[in-house]
Amino acid sequence: MCGIVGILGTGPVAAQIVEALKRLEYRGYDSAGIATLEAGRLTRRRAEGKLRNLEIRLAEQPLGGAVGIGHTRWATHGKPTENNAHPHASDKLAVVHNGIIENFRELREELLAAGHQFVTQTDTEVVAHLVTHAMRGGLGPREAVAACLPRLRGAFALAFLFDGEDNLLIGARQGAPLAVGYGDGEMYIGSDALALAPFTDSITYLEDGDWVVLTRDSAQFHDAANNIVQRARQRSQASAFLIDKGNHRHFMAKEIHEQPEVVGRTLAHYLDMSQGRVALPFALPFEARALASITISACGTAYYAGLIAKYWFERFARLPVEIDVASEFRYREAPMRKDGLMIVVSQSGETADTLAGLRYAKDQGQHVLCVVNVLTSTIARESHVVAPTLAGPEIGVASTKAFTCQLSVLACLAIGFARARGTIDASREAELVSQLMALPGLMAEAIKREPATEQLAQFLSKARDVLYLGRGTSFPLALEGALKLKEISYIHAEGYAAGELKHGPIALIDEDMPVIVIAPFDPVFEKTVSNMQEVSARGGKIILIANEKAAHEGAIDAHAIIAMPDMAPDFAPIVYAVPAQLIAYHTAVHMGKDVDQPRNLAKSVTVE
Ligand code: G6P
């Protein structure tokens, strides 16, 4: 989840490394550091906190050198202090690392016994000492790295810089992504193509187990068995411009506002709008008609997208759907049916647990389809079918536009499968497709409700706990709404199926408890109204998100109503996500929180 970058440059590289790190900050931002060779000698600057602290440090104490590595951290082992910040170094080398070295304790014991002294609480430091030890034993940098890599267990990516070696960087990939970029007399290495986009669009991704030796004019790739291998170069689609916030205060605000456009773009990719039908932009390597079941696995917001889609696959395509968070699924040893389809959902395409779930399903003989936003990601490369979301880069840590794009893709798949299986006919397909086509406009309408969500910020910011309720597809959306609020405002929030209210959470309700009810006008609306009466009778403060007319007809005593446009209910979560996101956003902004980079979180979670 950390970001790593390395540059073999033709001039001073410190500023370029910082530029690349800015584009990697989504991966972690609790401390940062860089190391270069100044007059051939390793020199480091590191700082606790966000990258701007490192920039201040570099302004005070500039760092020269035409080769260097940099890192932005999301702490796994050891507090996010300057001392634990990467690069970690010895007299021989500096190393930056993303991921976890699972056997670091035993390696540390061994190295302590051999006389090495450890100065940090990180797992990374063992890598620095291990390679240093090999070099002290007489090996050169390449041989030392080659000898040490097989001793490291876990999922990680590494980049090494060596004292006195002005024309050398070494990178290694085992489970966490790493890309090499080719420049004009320069060479780059980084966690993703986005980081390298200001410098080059010519990229090679390391395969799992690969390590690479870089000089300014060569990249020599080795596989896990140490054979020299060729790896294809490709053109990266990553934008060279530093993605900016436009007129918005935060990336999250910008991304919420972009949703009508990106959902429209995504839907256009999957629909034949003139014919009113789903037209998948890829061939399926299986017959939808022959599918026995679907299993969905994902993490965080992507998991909630899957949970909503379960209702659609069951209702429209009449397919049984199993769904689980990937961290559970991967270890559950779930039996999987023959002719089953595994769908993994992931914005980044790098989430470690989701990737492990994918691999398990493949081993179990499942067809694997991924819904991903990053097409060059590991999950995309390992899946049989890639269903892209066209959300564009999502920078805010709290997922917004990726979520509604995931839902859009999953909705198209559910309708496409339903049609192929004969569980809906052409006219029902056309009706559902026209509902989908209306979504961007409805989302734009929903965004116009922003002032109403902003007005709630002060009230909600005083709450200690907030309950979100919904039924049907609004239940997973309630879970997502609660997740959004807790991620960025740090207010405790829980989502519940409205029907479960009386089985526990009703005990929490008093005059201080805001209860946000998501209730589009659907077949279970009346039942949700009954649940709201139960809340109201106990003094709970209801914030109702519902179609205006229905809300008033329901005669609900609400503290506030976010009146939504009229719409057919099938795909309501894609529209109702907007006020849920805006409520969380404005509450967090009102509380002065860092909405784009909330504490302790990271955008891409490549560790367990
Ligand atoms: C992290 C992010 C979430 C995201 C989850 C899954 O927790 O903060 O926003 O939903 O990972 O990420 P993925 O990239 O697999 O969708």
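Counting starts at 1 for both ligands and their atoms, following the listed order. Computed from a predicted structure; not experimentally measured.
- A salt bridge links R359 with E382: the distance from a Lys NZ or Arg NE/NH1/NH2 to an Asp or Glu carboxylate oxygen falls below 4.0 Å.
- No donor-acceptor contact under 3.5 angstrom links the side chains of N84 and T122, judged on distance only.
- Between R332 and E322 there is a salt bridge, with a side-chain nitrogen of the basic residue lying less than 4.0 Å from a carboxylate oxygen of the acidic one.
- Shown here are the side-chain hydrogen bond (donor to acceptor under 3.5 Å, both in side chains) partners of Y205, two or more places apart in sequence or in another chain: T376.
- With respect to R599 and D594, no salt bridge is recorded, no charged nitrogen being found less than 4.0 Å from a carboxylate O.
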Distances under 3.5 Å, N/O of ligand 1 against N/O of the protein: list each pair and its distance.
unit_1	atom_1	unit_2	atom_2	d
ligand 1	8 (O)	A602	O	2.9
ligand 1	9 (O)	V397	O	3.2
ligand 1	10 (O)	T301	N	3.0
ligand 1	12 (O)	T351	OG1	3.4
ligand 1	14 (O)	S346	OG	3.4
ligand 1	14 (O)	Q347	N	3.4
ligand 1	14 (O)	S348	N	2.8
ligand 1	14 (O)	S348	OG	2.6
ligand 1	14 (O)	T351	OG1	3.4
ligand 1	15 (O)	S346	OG	2.6
ligand 1	15 (O)	T351	OG1	2.4
ligand 1	16 (O)	Q347	N	2.7

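- Between H590 and E454, the side chains place no donor N or O within less than 3.5 Å of an acceptor N or O (distance only, hydrogens not considered).
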